[in-house]
There are 2 protein chains.
Amino acid sequence: MSLRLDEQVCFGLYSASRAVTSLYRVLLEQMDLTYPQYLVMLALWERDNRLVKELGAELNLDSGTLSPLLKRLEATGYVQRTRQPDDERSVRISLTEAGTRLRDQAKRIPPVVGEAMGLDDEGLTRMRADLDRLTDSVNAYRESLA
Amino acid sequence: MSLRLDEQVCFGLYSASRAVTSLYRVLLEQMDLTYPQYLVMLALWERDNRLVKELGAELNLDSGTLSPLLKRLEATGYVQRTRQPDDERSVRISLTEAGTRLRDQAKRIPPVVGEAMGLDDEGLTRMRADLDRLTDSVNAYRESLA
DNA sequence: CGCAACTAGGTTGTACACAACTAATTTGAG
DNA sequence: CTCAAATTAGTTGTGTACAACCTAGTTGCG
């Protein structure tokens, strides 16, 4: 286990993640979305009317990242933010008409990304499983340090 | 190829990359390094006295990221920046005494990260190869769009 | 030689991440 | 019932990423 840059999985992950994000940048440009904003939209297309807290739990993002991001999505016109009447601490995020419509445009993205990754369905599934295992393992280890 | 968040490799990559970075944050704290700064140090421990341009090529980072990062490394006292006399456009980055010494402390990090990932040597090698293939494929695809 | 094209690094502006903190509200133990 | 603790968002400050632009320096064609 050396200090060689080209041997470390961490650098591989870092590079892969940036490469994929930069592909998404090109694909999402015309939809006026950044990649993290796209992730929020994915979550909302799956289930609309979510609390900020719920989105944070699903994406593993805290309010420091989500609050300004959601404001930008609101400014773009894709979501609406409403204080929850029965608990004034909470804010509910719901899709606007434009945000809902955007889903049709977004449908063409996953196949392009799959193609770009050069993996078939099985390869994608395996890669996803490997990454999830790695994430869980690393998170468990980190939490065990505290 | 759906829009389901939990099926997308991109989200797996994004999550894994952030999980690993956050483990590094804990491990690097006592060395006064951030994770991208650590990557630069890895590159310099392998070969010292490099031009900013060379570091950028190895890490795939442009001057917009590297310039301020290298200034911070200089402020911390790990590197020195010197204009190249024979080409005043270039800046050479060299390790200081403290930066060189830091390598011994850093040696303990890769085994910890390997352990945290829950992979044996073979698993790490395979994951790294898979990630490199994916990065190359995605980058090639993106460049083909231009 | 002279100057246009290129190159290396830096700066500016936008958008994440995330730690640390704050403000407003809700909850629950005593 | 009350108030301290917990909860939910939001804010602030630091450090990446990266596009777009800038500046100084170098090179090479005519």
Side-chain angles (χ1 to χ4, degrees), chain A residues 10-11 14-26 28-29 32-41 50-57 59-76 79 81-93 139 142 146, chain B residues 11 13-26 28-29 32-41 50-57 59-76 79 81-93 139 142 146:
Chain A
C10 70
F11 184 60
Y14 172 77
S15 300
S17 179
R18 286 198 301 137
V20 169
T21 301
S22 107
L23 172 60
Y24 272 101
R25 189 171 298 117
V26 179
L28 294 173
E29 202 166 33
D32 277 311
L33 286 178
T34 64
Y35 176 60
Q37 287 169 12
Y38 171 71
L39 293 178
V40 170
M41 295 302 287
R50 308 250 237 147
L51 300 182
V52 173
K53 171 184 130 140
E54 293 166 358
L55 291 172
L59 303 173
N60 278 296
L61 291 171
D62 70 2
S63 66
T65 301
L66 277 179
S67 286
L69 187 156
L70 290 169
K71 278 193 186 173
R72 280 177 213 117
L73 277 181
E74 186 178 41
T76 311
V79 307
R81 301 185 311 137
T82 341
R83 283 276 158 196
Q84 191 72 345
D86 60 320
D87 184 342
E88 289 280 344
R89 290 171 305 181
S90 301
V91 170
R92 195 164 285 283
I93 307 296
N139 280 335
R142 181 170 46 80
Chain B
F11 184 61
L13 264 176
Y14 172 76
S15 300
S17 179
R18 287 198 301 134
V20 169
T21 301
S22 106
L23 171 60
Y24 272 102
R25 189 170 299 116
V26 180
L28 294 173
E29 203 167 33
D32 277 311
L33 285 177
T34 65
Y35 175 61
Q37 289 168 9
Y38 172 71
L39 293 178
V40 170
M41 295 301 286
R50 309 251 237 147
L51 300 182
V52 173
K53 173 184 129 146
E54 293 166 356
L55 291 172
L59 302 174
N60 278 297
L61 291 172
D62 70 3
S63 66
T65 302
L66 276 179
S67 286
L69 186 156
L70 290 169
K71 278 192 187 175
R72 280 177 212 116
L73 277 181
E74 186 179 40
T76 311
V79 308
R81 301 184 313 136
T82 342
R83 283 275 159 198
Q84 191 71 345
D86 59 319
D87 185 342
E88 288 280 343
R89 291 170 305 180
S90 301
V91 169
R92 195 165 285 283
I93 307 296
N139 280 334
R142 181 170 45 82

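In what follows, chains carry the letters A, B, and so on, assigned in the order in which the sequence lines appear, proteins first and then strands, with residues in each chain numbered from 1. Not measured: the values here are computed from a predicted model.
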Roughly, in whole Å, what's the span from [atom1] in [X] to [atom2] in [N]?
X: A:R92; N: D:dG10; atom1: CZ; atom2: P; value: 14 Å
X: B:D86; N: D:dT27; atom1: CG; atom2: C1'; value: 14 Å
X: A:R83; N: D:dA9; atom1: CZ; atom2: P; value: 8 Å

Taking any heavy-atom pair under 4.0 Å as a contact, classify [X]: base, sugar-phosphate, or nothing.
X: A:R81; value: sugar-phosphate
X: B:L66; value: nothing
X: A:S90; value: sugar-phosphate

Inset, instruction - Just do the side-chain contact (heavy atoms from CB on, under 4.5 Å) check on A:V79 and A:Q37 with the steps written out, would you? - result: CA-CA 11 Å; A:V79 307; A:Q37 287 169 12; over 6 Å; no
Legend entry - For B:R50, all residues meeting side chain to side chain contact (heavy atoms under 4.5 Å, CB included), sequence neighbours excluded: B:A43, B:L44, B:R47, B:E54, B:L55, B:E58
Legend entry - side chain to side chain contact (heavy atoms under 4.5 Å, CB included) against B:A19, all qualifying residues, sequence neighbours excluded: A:T135, A:V138, A:N139
Donor-acceptor pairs under 3.5 Å, side chain of residues 65-74 of chain A to any protein atom, not counting sequence neighbours: which ones?
residue, atom, partner, partner atom, Å
A:S67, OG, A:S63, O, 3.2
A:E74, OE1, A:R81, NE, 3.1
A:E74, OE2, A:R81, N, 3.4

Inset, instruction - Using a 4.0 Å heavy-atom cut-off, write out nucleotides 14-22 of chain D from 5' to 3' as B (base contacted by protein), S (sugar-phosphate only) or - (no contact). - result: -SBBBB---
Inset, instruction - Applying ring pair (Phe, Tyr, Trp, His ring centres under 6.0 Å), name anything that partners B:Y35, two or more places apart in sequence or on another chain. - result: A:Y14, B:Y24
Legend entry - Where chain B begins and ends its contact with DNA chain C, read 5' to 3' at 4.0 Å from heavy atoms: C:dT7 to C:dA19
Legend entry - Distance, nearest 0.5 Å, that separates CD of B:Q84 from OG1 of B:T82: 8.0 Å
Legend entry - Side-chain donor/acceptor of A:R142 to backbone N/O of B:V26, under 3.5 Å: no
